[in-house]
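Read through the structure below, which is laid out as structure tokens, and then see the notes.
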Amino acid sequence: MSPRPGDPILEAFARLVRRRPDAPLLLAADGAVTAAGIDALGRRVEARLAATDLPPERPIGLRGPNGTAFLTGFLGARRAGHPVVLLDQRATAPELARQAERFGLGALLQVPAEGGDLPTMEPLGGAEREPPPAGTAAVKLTSGSSGESRGVAVSAGALCADDSALRASMGIAEGDRLLALVPFAHSYGLSSLLVPALTVGLTLVVPEDRGPFGALRAAREHEVTVFPTVPAYLAALLSLGEGDVLPPSLRLVLSAGSALPPAVAERFRRRFGLPVHAFYGASECGGIAYDREGRGAERGTVGEPVDGVSVELEEVPGLSAQEGGRVVVRSAAVAPGYWPEPDERLGGGRYRTGDLARLAGGEIALVGRLGDLIHVRGSKVSPLEVETVISALPAVDDVVVQGVRDPQGGGELVRAVVAARRGVTAEEVVRWCRGRLADFKVPRRVVVLPEIPRTARGKLDVEGLAAALAGSGEGPAAGPEEA
């Protein structure tokens, strides 16, 4: 079957197969999978979907770890005309059932636990819903303010625009090999890994063992040149023993998903001789800013706007320009809208983020999120500012700063949750903050944990943190340590 008209991802893949059928798109422990191989497997998935009575516009769920089956599932579903809802592989059965109902999924394609080149297909008998906007290729899931996943309906054209802009900004070319640890189902992995593999034939190295040692072995064996990752993974690499753990072929290290602490960026560069290039984006609009030089994170910035992206800082009532403005993004990569519940903040080529930032020498410095600001005695505190200060304390591996209810009044207190390699105490954290932060920004509660739970894309695992805090005796509004 020919590519569906108007889908630039499928059209680019068809050209790739004609031009370079032997191009290795995936390298794994069991060998290489070529463009021609992915093409043939994708047609088998397409045929299975075509044999059902599902209308082409009915969304299909896709779930599983990175690998051949995920790639062929995405390709086959798109060839059959279905928008692909990208599901988190860690979702429980009840969560999947709620998402299937909410998005009206016609079937679930799932990468089998035992591995393989094709996803399994499970028909879903839920009620059909209003389909996503015409032209939707994928639906990314992102957390709303309530914590419930909301869908971002994105077109193939927007995905290709994001892919092209990122490769141009980052200098990624046809011969590069990328270590594929970031999940394909997340916006970061979709734009930086899956789409460029299908459109220009970039080679993805998928390690069988995702831990630091297994990933580095695969990177060495297959001569990886580009490593997209998250701050928590970089911190884990720094905790390994001395030695040349990175492959000599590696030339570009990217960090996204959450803020990269300046101390981690500097330690990584000094240890391994490679700078870390910060990358800032969102599910709603793809890439926003990129640190082309590789020293921005050490200065506390995420670089300058990605090629073709316009960024402005919208004034926020009650905040000075120094405290930050709302980041507003315009580009060809902006998604058409949220689905099934639209929101005026997204659409028409514009996305009004919830992020606060200021300009620092032409670069973007993120200073927090509108919904996360902590209200302390009539003043606003950015958790990110406090996290940046604490992360510079030697031996601190990770930190999360939150607002908790002040039992002495109606406002909030600043609480810091810290993970450290050795015995950092609450008192040490508070002493470090005093003199570096205004008094009202200094944490009044400090909890030290062995580890802060993170998702595969480096974001805070909210439920995991709540469980860890409960185990430490720290409730949502009280703690064992007082400053």
Side-chain angles (χ1 to χ4, degrees), residues 87-99 141-150 183 186 211 230-233 235-236 239 257-259 261 354 368-369 371-376 381-391 393 395-433 441-483:
L87 303 170
D88 193 322
Q89 63 174 309
R90 303 169 305 154
T92 63
E95 288 173 326
L96 286 175
R98 289 196 299 271
Q99 290 169 347
L141 299 191
T142 185
S143 296
S145 58
S146 66
E148 181 184 15
S149 295
R150 66 191 308 186
H186 296 159
V230 297
Y233 205 95
S239 70
S258 60
R369 287 187 59 81
D372 293 341
L373 293 177
I374 305 169
H375 300 270
V376 178
V381 178
S382 164
L384 181 58
E385 179 186 6
V386 184
E387 289 169 357
T388 299
V389 169
I390 295 175
S391 68
L393 175 61
V396 167
D397 294 321
D398 202 359
V399 58
V400 170
V401 170
Q402 301 169 316
V404 296
R405 181 178 57 83
D406 183 352
Q408 305 301 319
E412 294 179 291
L413 298 174
V414 177
R415 177 177 70 185
V417 184
V418 176
R421 299 187 302 279
R422 55 179 177 79
V424 173
T425 67
E427 290 77 12
E428 287 177 297
V429 172
V430 172
R431 282 198 301 270
W432 178 265
C433 290
K441 300 178 182 179
V442 174
R444 273 7 188 212
R445 302 194 189 280
V446 177
V447 182
V448 179
L449 297 176
E451 181 182 31
I452 294 176
R454 297 278 181 181
T455 68
R457 55 178 172 169
K459 295 188 181 296
L460 180 67
D461 182 342
V462 177
E463 293 182 359
L465 179 62
L469 289 172
S472 75
E474 169 79 354
E481 309 268 13
E482 289 284 351

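Just so we're clear, the structure is a prediction, and the values are computed from it rather than from any experiment. Numbers here are sequence positions counted from 1.
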message: If we ignore hydrogens and angles and just use 3.5 Å, is the side chain of E387 paired with the main-chain N or O of V401 as donor and acceptor?
response: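 A pair under 3.5 Å: yes.
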message: Using modelled atom types and a 3.5 Å cut-off, is there a donor and acceptor pairing between side-chain atoms of W432 and backbone atoms of E427?
response: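 No, the answer is negative, given that no donor and acceptor are paired below the 3.5 Å cut-off.
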field: Pair E385 + K441: basic N to acidic O under 4.0 Å
entry: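 Salt bridge present between E385 and K441.
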field: Residues which pass side-chain contact (heavy atoms from CB on, under 4.5 Å) with E451, listed by chain and number, not counting sequence neighbours
entry: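 Counting only residues at least two positions away or on another chain, E451 forms no side-chain contact (heavy atoms from CB on, under 4.5 Å).
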query: Got a sec, which residues hit side-chain contact (heavy atoms from CB on, under 4.5 Å) with P450, two or more places apart in sequence or on another chain?
result: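 By the side-chain contact (heavy atoms from CB on, under 4.5 Å) rule, P450 matches no residue at all.
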Option among T388, I374, V414 that satisfies the side-chain contact (heavy atoms from CB on, under 4.5 Å) test with P383: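 The option that passes is I374.
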Rounded distance (nearest 0.5 Å) linking atom [atom1] of [X] with atom [atom2] of [Y]:
X: L413; Y: R415; atom1: CG; atom2: CZ; value: 10.0 Å
X: R431; Y: L393; atom1: CZ; atom2: CG; value: 10.0 Å
X: D398; Y: S258; atom1: CG; atom2: OG; value: 7.5 Å

message: Please determine whether side-chain contact (heavy atoms from CB on, under 4.5 Å) holds for the pair E95 and D88, giving the CA-CA distance in whole Å, both sets of side-chain angles, and the decisive distance to 0.1 Å.
response: CA-CA 10 Å; E95 288 173 326; D88 193 322; over 6 Å; no
message: Assess the residue pair L141 and Q99 against the criterion (side-chain contact (heavy atoms from CB on, under 4.5 Å)); give the C-alpha distance rounded to whole Å, side-chain angles, the decisive distance to 0.1 Å, and a yes or no.
response: CA-CA 10 Å; L141 299 191; Q99 290 169 347; 3.7 Å; yes
Closest contact, heavy atoms only, [X] versus [Y]:
X: V448; Y: V424; value: CG2-O, 3.5 Å
X: E428; Y: T425; value: OE1-N, 2.8 Å
X: I452; Y: V417; value: CD1-O, 3.3 Å
X: I390; Y: C433; value: CG1-SG, 3.6 Å

- request: Evaluate the criterion side-chain contact (heavy atoms from CB on, under 4.5 Å) for residue pair L465 and L449; output intermediate values, then yes/no.
  value: CA-CA 10 Å; L465 179 62; L449 297 176; 4.1 Å; yes
field: Derivation and outcome, side-chain contact (heavy atoms from CB on, under 4.5 Å), residues L96 and T92
entry: CA-CA 6 Å; L96 286 175; T92 63; over 6 Å; no
- prompt: Can you check whether R454 reaches V400 side chain to side chain, under 4.5 Å on heavy atoms?
  reply: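 Yes, close enough: below the 4.5 Å cut-off.
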